[in-house]
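For reference, the structure discussed in these notes is given below.
A note on names: the letters A, B, ... follow the listed sequences, proteins ahead of strands, and every chain is numbered from 1. Basis for what follows: all heavy atoms, side chains included, without hydrogens, waters or symmetry-related copies.
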2 protein chains.
Amino acid sequence: MVEKTPTVYDVAEMAGVSIATVSRYFRNPAAVRETTRERVREVVRELGYVPSGSARGLAARRTGTIGVCFPSFDDVAQIDARRLEGGPPVQVRVDADAHVDTGSDLYIAEVVRGTEIEAWRHGFAVMIAVPRGAAAHNVVEGLAGRVDGLVTLARAIDADQLAHIARRLPVVVVAGPREGDVYDHVTANNHGGMVALTDHLIDDHRLTRLEFVGGPEDSPDAQTRFEGFTEAMLLAGLGVPERPIARCDFTRAGGRETGRRLLAEGLLDDLDGLVCANDQSALGVLDELTAAGVRVPQDLAVTGFDGIEASNVATPRLTTVRQPMVELGRLAVAQVLHRLNEPMTEPTTRVLPVEVLLRDSCGPHAGDVA
Amino acid sequence: MVEKTPTVYDVAEMAGVSIATVSRYFRNPAAVRETTRERVREVVRELGYVPSGSARGLAARRTGTIGVCFPSFDDVAQIDARRLEGGPPVQVRVDADAHVDTGSDLYIAEVVRGTEIEAWRHGFAVMIAVPRGAAAHNVVEGLAGRVDGLVTLARAIDADQLAHIARRLPVVVVAGPREGDVYDHVTANNHGGMVALTDHLIDDHRLTRLEFVGGPEDSPDAQTRFEGFTEAMLLAGLGVPERPIARCDFTRAGGRETGRRLLAEGLLDDLDGLVCANDQSALGVLDELTAAGVRVPQDLAVTGFDGIEASNVATPRLTTVRQPMVELGRLAVAQVLHRLNEPMTEPTTRVLPVEVLLRDSCGPHAGDVA
DNA sequence: TTGTAAGCGTTATCAA
DNA sequence: TTGATAACGCTTACAA
């Protein structure tokens, strides 16, 4: 950003054409004579001209970008404190314990990736924003003002503000159940997946004493999965726990903490299996069980939910339910785009299929299923 | 987007103030009398007013957003083909083989996460775009026109175009070496990390017959790591391979393919260890070695690079070099913001420290190191 | 195929 | 503390 920023006027003048022609050169090159086009191209190169997205958006009344909002699980204060540099260029250390420090949410990363892919397919860009901290409202408002439509994960934006911006642009909620709202929803079949998984444990492995490790209290996904679990237990005539035997925050560190607690309190002694609300927490539980000498699946079955890559690398490989995370993101964007054209149709709810992946952490498979 | 979009004019009229006051209400509320503020607030709520980011950006000559560009490793054609819906709501299947289908690049996800965090800290939004397919140029141009500065991963944007847009806004390149360019660079200490890791294999484990599994030909990171490896070998007086024993594309699937090939061709028979250019490929190699009955680390040591979570879940746990991925993203944004204020200073190169994590895949540790 | 000109919805300067 | 008003850089009829 060294030189004065050139505008259409500069290009037009230098190329000896009108600004309309310069605009056409970018928007609809075919409508410009070959020789003219060449002249404009030359000037654009020479001047280093880049069209202003703001001016474009203002004039055309569309930004060509989709907003994506998701909740943050990182500790803001901690982020603030962590310094960016310093220390020796290379540090060597024995990483004896499988410590965990990544707060990265693979699930969100995949959904975001899906939104980017679908947006790209339609020539849209993606703008991401995380409403955390005191300025959360401003973050969302800024985002809303800069995009043509918004995809938001459940719990990222408070209901009032969401209602406010939904008056101005299409909003699609990912992974949240409809709660009396009027937005389009895209979600995975959490309920069905968990029922099928629990059925498998009960029917094929003959496990009867099962408990559920829950997620955050306010996670609709975690809640739905718990309901799927209890429904399957109920239908099998088994005792149904009123609540999860424990809750954790969907992170692996949280899972380990939970694992330690359950072990310490002897809560696993009469158990056949632990059904966890997501993969990360299941992996954490697994860490602790293994460390404590509990054999999985022989002594205790453990299952996850999501189908992140780590679940497929763990020992034992984790039986889980794969959510189509990329597809969730893609479909959400597709729906935003659809509603941009068809504003007045009824709000929709799309439920994407899931896949129960039977691997090693629930016991040996009698044979192929389904 | 049902109602007519209200503007400052509508708000101003309805609140009985000028548009300037409405603008102030948003930009600098303290400069508006409390009672006036209340009146505007009321109207904004009532009208469902959301300020236009485009108009804002145009008038203020800054967008308040940072662009982030990264290369795509997904197969575009495949993306296009994959359908979004259909199939049974739940499918149950025995996932006997540790198949791999996720093309997600954890490294990129973490870097992007870092950019978002740092941008957020400064009140900026992040716009992401992937220049893939035929319209790659347009994607980048669109991005460049809509942001105040740009962070790009190496290889995402072609040199000509990068030079073009760098005339208009600050550009910071992540994970690419300076190649005669004038951009700011942020990178991890690939070289030092690999030297330290290789030294460890040689000095502490007494391994002498080592080979390197490379990454994509055009990856500067992969190249730098290979050089670190050969340098360490050379200094130890060991035979230095001219080139990697194999190359793969940084994916786990690619690693498995490589593993199979090496096994089939008997290339591992006289080897002590395999140093891989990244974690994903190391995990893939590990998959195949384990399947073939090769014991790691007893028969053969295997190491990775990156420090993604899966490397810490694998059996054996993968010895690797952890890159500060989030910090790379954060620092890149910080640098863009810095240059926005200080346009005329010399281009900088920041090299972030790495951490060699000694785990199980290189053999038992004699004791604590460093 | 090209040009003219009227917006698009803000911010910012200056004056009141 | 508030108001007029001139940019800001483009798109898009409409006319030529």
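For the pair A:Arg339/A:Thr345, a side-chain contact is recorded, criterion being any heavy-atom separation below 4.5 Å from C-beta on.
Residues B:Arg146 and B:Thr63 have side chains that never bring a donor and an acceptor to within less than 3.5 angstrom of each other. For the residue pair A:Glu141 / A:His137, no side-chain donor-acceptor distance below 3.5 Å is found, with atom types taken as modelled.
Across all strands shown, B:Val22 has no heavy atoms under 4.0 Å from either base or sugar-phosphate atoms. Residue A:Val32 is classed as a sugar-phosphate contact, given heavy-atom separations below 4.0 Å to backbone atoms only.
Annotation: side chain to side chain contact (heavy atoms under 4.5 Å, CB included) contacts of A:Ala154 (sequence neighbours excluded): A:Pro220.
The interatomic distance linking A:Asn28 (CG) with D:dC10 (C1') rounds to 16 Å, in whole Å. Here C:dG3 presents its C1' atom at 7 Å from CZ of A:Arg24, a figure rounded to the nearest Å. Computed from coordinates, the B:Tyr25 OH to D:dT1 C1' distance equals 17 Å when rounded to whole Å. A:Glu13 has its CD atom 15 Å from the C1' atom of C:dG3, to the nearest Å.
Applying the 4.0 Å criterion to OP1 and OP2 of D:dT1, one finds that B:Thr36 has every side-chain N and O outside that range.
Salt bridge present: A:Arg45 and A:Glu42 bring a charged side-chain N and a carboxylate O closer than 4.0 Å. By the 4.0 Å N-to-carboxylate-O rule, A:Glu116 lies too far from A:Arg330 to be salt-bridged with it.
In DNA chain D, runs of at least 3 stacked Watson-Crick or G-U pairs (N1-N3 plus N6-O4 or O6-N4, or N1-O2 plus O6-N3, all under 3.5 Å) give these stems: C:1-16 with D:1-16.
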Under a 4.0 Å heavy-atom criterion, the protein footprint on nucleotides 5-10 of chain C, written with B, S and -, is --BBBB

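Heavy atoms of other residues, nucleotides or ligands lying less than 6.0 angstrom from CZ of B:Arg41 number more than 12. Enclosure of atom CD in B:Glu13 is not indicated, since only 12 or fewer non-hydrogen atoms of other residues, nucleotides or ligands lie within 6.0 angstrom.
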